[in-house]
Protein chains: 2
Amino acid sequence: MADGTPRKETRIQAEKREIIREAALEVFASHGFRGATLDQIAEVAKLSKPNLLYYFDSKEAIHADLLARLLDTWLDPLREMREDGDPIREIRGYIQRKLEAARDYPRESRLFANEILQGAPRLLDELQGPLRDLVNDKSDLMRRWMDDGKIARISPHHLIFAIWAVTQHYADFDVQVRAVLGKDDEARFHDAAETIEKLFFSGLAPR
Amino acid sequence: MADGTPRKETRIQAEKREIIREAALEVFASHGFRGATLDQIAEVAKLSKPNLLYYFDSKEAIHADLLARLLDTWLDPLREMREDGDPIREIRGYIQRKLEAARDYPRESRLFANEILQGAPRLLDELQGPLRDLVNDKSDLMRRWMDDGKIARISPHHLIFAIWAVTQHYADFDVQVRAVLGKDDEARFHDAAETIEKLFFSGLAPR
DNA sequence: TGATCTTTTGACCATTTGGTCAGAACGCTA
DNA sequence: TAGCGTTCTGACCAAATGGTCAAAAGATCA
């Protein structure tokens with residue numbers, strides 16, 4: 001087998017690569033790409049540094065691997081928003097899924113946030129391509145709901161931004177949220193859901 | 001003058017330190033603390049690296065200086081929220097000021113975001129002290145407004161988080177916003193203001 | 001103008017860090 | 001179990017980076 005075709009991934013390769021991804025996610029999410037070191041990742045993964053580099057070509061390669069897997073996970077909650085079904089329920093469901101993602105996958109959220117903050121050097125194409133297309137698609141959908149008088153008329157793009165912002169905030173700015181609410185406010189995601197719900201659907205104006 | 005008292009800052013010192021702050025803000029905001037290098041800062045400031053270190057003791061010291069100046073600027077818009085005056089107007093005004101800050105001082109916003117994302121290692125005390133106190137104070141104020149039926153009943157803490165999230169999003173996630181809206185949507189801050197306004201005060205439910 | 005204090009610089013240093021490599025250890029299967 | 005491909009490691013390297021220092025250059029003012 002002298003051709004360039006990589007032979008099938010062995011069991012050990014699959015396992016170790018997964019261990020490395022897990023460790024790298026941990027480290028990249030809390031220190032950013034530049035802030036993370038291979039030594040740290042190796043330590044968390046309990047592997048030697050050369051061993052890391054046996055499974056991935058470079059630090060960049062590990063990071064790229066994580067990002068590549070991230071975007072789909074990231075967009076799935078929005079993809080699930082369906083044309084049929086009650087508009088208010090659909091939007092509420094989307095907010096809920098996004099908030100759950102922030103609660104259950106904060107490291108992924110921070111990895112993403114770190115990347116965007118630095119100008120998305122390794123993700124720009126994805127943003128301008130698949131992300132943009134999906135958002136435009138769902139914006140059209142929401143506009144139809146508005147035309148039918150099912151929801152208030154508002155900029156769909158900025159509504160989506162608002163949903164991203166308020167949900168991801170609880171993952172990305174978790175330290176700040178905790179600092180304000182007190183160390184471990186276990187109810188914070190529940191309270192957040194309730195508040196966002198009221199805010200987004202009824203607004204602040206008194207009844 | 002052999003005592004430890006630092007003698008008065010000279011004109012040149014004041015000027016150069018300001019130039020360095022400006023350059024460092026630029027670099028730290030776009031690369032984070034670890035990602036930024038003294039060489040980059042020196043280049044932007046058009047000074048030699050040893051010259052930088054003549055004005056600031058270390059990379060840490062420059063960063064600390066920026067952060068120290070940041071928090072006040074950061075909290076001022078919230079401080080301005082007054083008990084007298086119409087509640088809805090006061091909250092609207094706060095949102096507006098925050099959005100203007102995101103538009104006019106995106107680097108400061110990103111510097112802050114970078115810091116929080118990494119767990120706020122150099123800012124935690126400020127968050128748990130002054131920030132927390134101010135938020136609690138304004139939360140009490142809002143609760144009084146709710147008791148008086150002036151605004152809908154909602155968690156004041158999470159309302160404040162929501163305001164932070166949706167406004168800072170336009171600074172911190174600017175690349176993503178641009179990627180979705182198209183390269184240079186000059187109206188994005190105007191549209192954002194309008195959308196947030198409608199969302200927060202009337203909500204999505206159809207009239 | 002000269003003396004003194006401030007500012008600037010080039011050369012240099014130690015550490016950190018991403019990455020390489022030769023060979024040893026391991027594990028699968030004929 | 002022998003043989004061979006896979007996995008792993010210690011030693012090592014070059015570049016990047018934060019920081020130092022002695023001395024030169026520039027201000028300042030009596």
Side-chain angles (χ1 to χ4, degrees), chain A residues 1-28 30-67 114 118 121-122, chain B residues 1-28 30-67 114 118 121-122:
Chain A
M1 202 196 265
D3 56 33
T5 316
R7 62 183 64 193
K8 206 180 130 223
E9 190 176 56
T10 68
R11 175 185 52 86
I12 292 182
Q13 279 166 10
E15 289 172 4
K16 292 292 166 70
R17 275 200 244 267
E18 196 46 41
I19 288 174
I20 294 171
R21 276 186 207 104
E22 163 66 24
L25 174 59
E26 186 71 31
V27 177
F28 282 134
S30 41
H31 302 287
F33 180 76
R34 278 290 310 267
T37 72
L38 286 179
D39 289 295
Q40 284 176 78
I41 298 173
E43 192 187 328
V44 174
K46 286 175 194 142
L47 293 175
S48 69
K49 185 167 58 169
N51 204 176
L52 270 197
L53 292 163
Y54 172 72
Y55 290 105
F56 287 92
D57 287 342
S58 64
K59 183 184 177 184
E60 278 275 348
I62 305 177
H63 193 250
D65 185 281
L66 287 177
L67 284 187
N114 259 308
Q118 323 277 311
R122 312 155 226 266
Chain B
M1 204 198 265
D3 57 33
T5 317
R7 62 182 64 191
K8 208 181 126 220
E9 191 176 58
T10 69
R11 175 183 52 85
I12 293 183
Q13 278 164 11
E15 288 172 4
K16 291 292 166 70
R17 275 199 244 267
E18 196 47 42
I19 289 175
I20 294 171
R21 275 187 208 104
E22 163 67 24
L25 174 59
E26 186 70 31
V27 177
F28 281 134
S30 40
H31 302 287
F33 180 75
R34 279 290 311 267
T37 72
L38 287 178
D39 288 294
Q40 285 176 80
I41 298 173
E43 192 187 328
V44 173
K46 286 174 193 142
L47 293 173
S48 68
K49 185 167 60 169
N51 205 176
L52 269 198
L53 291 163
Y54 171 72
Y55 290 105
F56 287 92
D57 287 342
S58 64
K59 183 184 176 184
E60 278 274 347
I62 306 176
H63 193 250
D65 186 281
L66 287 178
L67 284 186
N114 259 308
Q118 323 277 313
R122 310 154 229 265

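Order of the sequence lines sets the chain letters (A, B, ...), proteins ahead of strands, with each chain counted from 1.
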Student: List the residues meeting salt bridge (charged side-chain N to carboxylate O under 4.0 Å, His left out) with A/D39, not counting sequence neighbours, and say none if there are none.
Tutor: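 If we apply the salt bridge (charged side-chain N to carboxylate O under 4.0 Å, His left out) test to A/D39, skipping adjacent residues, the hits are A/K49.
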
Student: Measure from the side chain of B/T37, starting at C-beta and using heavy atoms only, and say which of D/dT17, D/dT6, C/dT17 lies closest.
Tutor: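 The answer is D/dT17.
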
Student: Please tell me which of A/L52 and A/R34 maps to the more 5' nucleotide of DNA chain D, matching each residue to the nucleotide holding its nearest heavy atom.
Tutor: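 The residue closer to the strand's 5' end, by nearest nucleotide, is A/L52.
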
Student: Quickly work out the A/H31 NE2 to C/dG18 P distance and round it to whole Å.
Tutor: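 Spelled out: NE2 on A/H31 to P on C/dG18 is 12 Å.
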
Student: Mind checking what makes ring-ring contact (aromatic ring centres under 6.0 Å, His included) contact with B/Y55, not counting sequence neighbours?
Tutor: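 In terms of ring-ring contact (aromatic ring centres under 6.0 Å, His included), with neighbours along the sequence ignored, B/Y55 is linked to no residue.
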
Student: List the residues meeting salt bridge (charged side-chain N to carboxylate O under 4.0 Å, His left out) with A/R122, not counting sequence neighbours, and say none if there are none.
Tutor: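 Applying salt bridge (charged side-chain N to carboxylate O under 4.0 Å, His left out) to A/R122 gives A/E60, A/E115.
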
Student: Could you give the distance from NZ (A/K59) to CG (A/L52), rounded to the nearest 0.5 Å?
Tutor: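 That separation rounds to 12.0 Å.
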
Student: Determine the sole option in A/V44, A/L66, A/I62 for which the side-chain contact (heavy atoms from CB on, under 4.5 Å) test with A/I20 is passed.
Tutor: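 Only one option passes, and that is A/I62.
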
Student: In this structure, how many angstroms lie between the C1' atom of D/dT17 and the CD atom of B/E43, rounded?
Tutor: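 Going from CD in B/E43 over to C1' in D/dT17 covers 15 Å.
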
Student: Under 4.0 Å, heavy atoms only, any strand: does B/A36 hit a base, just the sugar-phosphate, or nothing?
Tutor: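 If one applies the 4.0 Å heavy-atom cut-off, B/A36 turns out to touch the sugar-phosphate alone, with no base involved.
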
Student: Once you build an axis from the first five pairs and another from the last five of the helix from C/dT1-D/dA30 to C/dA30-D/dT1, how far apart in angle are they, to 10 degrees?
Tutor: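 Taking the rotation axis at each end, their angle is 10°.
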
Student: Identify, with sequence neighbours excluded, every residue that meets ring-ring contact (aromatic ring centres under 6.0 Å, His included) alongside A/H63.
Tutor: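 With neighbours one apart ignored, the set is A/F28, A/F33.
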
Student: Using the test ring-ring contact (aromatic ring centres under 6.0 Å, His included), find all partners of A/F56 that sit at least two apart in sequence or belong to another chain.
Tutor: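 Counting only residues at least two positions away or on another chain, A/F56 forms no ring-ring contact (aromatic ring centres under 6.0 Å, His included).
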
Student: Tell me every residue that passes side-chain hydrogen bond (donor to acceptor under 3.5 Å, both in side chains) with B/T37, counting only those two or more places apart in sequence or in another chain.
Tutor: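 side-chain hydrogen bond (donor to acceptor under 3.5 Å, both in side chains) list for B/T37, sorted by chain: B/Q40.
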
Student: Check whether any side-chain nitrogen or oxygen of B/Y54 sits under 4.0 Å from OP1 or OP2 of C/dT8, and answer yes or no.
Tutor: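 Answer no for this pair, as no side-chain N or O of B/Y54 is under 4.0 Å from OP1 or OP2.
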
Student: Residues two or more places apart in sequence or in another chain: which of them pass side-chain hydrogen bond (donor to acceptor under 3.5 Å, both in side chains) with B/R34?
Tutor: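 Checked B/R34 against side-chain hydrogen bond (donor to acceptor under 3.5 Å, both in side chains); zero matches.
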
Student: So, is B/N51 close to the C/dT9 phosphate, meaning a side-chain N or O under 4.0 Å from OP1 or OP2?
Tutor: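 Checking C/dT9 against B/N51, a side-chain N or O does come within under 4.0 Å of OP1 or OP2.
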
Student: Between D/dT6, D/dT17, D/dT9, which nucleotide has the shortest distance from any of its atoms to the side chain of B/D39?
Tutor: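 It is D/dT17.
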
Student: In whole Å, what is the span from the CD atom of A/Q40 to the P atom of C/dT16?
Tutor: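 Interatomic distance, CD of A/Q40 to P of C/dT16: 13 Å.
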
Student: Identify the pairs formed between an N or O of the protein and an N or O of nucleotides 19-25 of chain C at a distance under 3.5 Å, and give each distance.
Tutor:
unit_1 : atom_1 : unit_2 : atom_2 : d
C/dG19 : OP2    : A/K59  : N      : 2.7

Student: Using OP1 and OP2 only, check whether a side-chain N or O of B/R17 sits under 4.0 Å from C/dT7.
Tutor: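 For C/dT7, neither OP1 nor OP2 has a side-chain N or O of B/R17 closer than 4.0 Å.
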
Student: Can you tell me if A/Q13 touches the phosphate of D/dT6, counting only side-chain N or O atoms and a distance under 4.0 Å to OP1 or OP2?
Tutor: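 Negative; the distance criterion is not met.
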
Student: Taking only side-chain nitrogens and oxygens of B/K16, does any of them come within less than 4.0 Å of OP1 or OP2 of C/dT8?
Tutor: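 Looking at the OP1 and OP2 atoms of C/dT8, one of them is under 4.0 Å from a side-chain N or O of B/K16.
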
Student: Using a cut-off of less than 4.0 Å, is there contact between a side-chain N or O of B/S48 and OP1 or OP2 of C/dT8?
Tutor: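 No, because none of the side-chain N or O atoms of B/S48 sits under 4.0 Å from OP1 or OP2 of C/dT8.
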
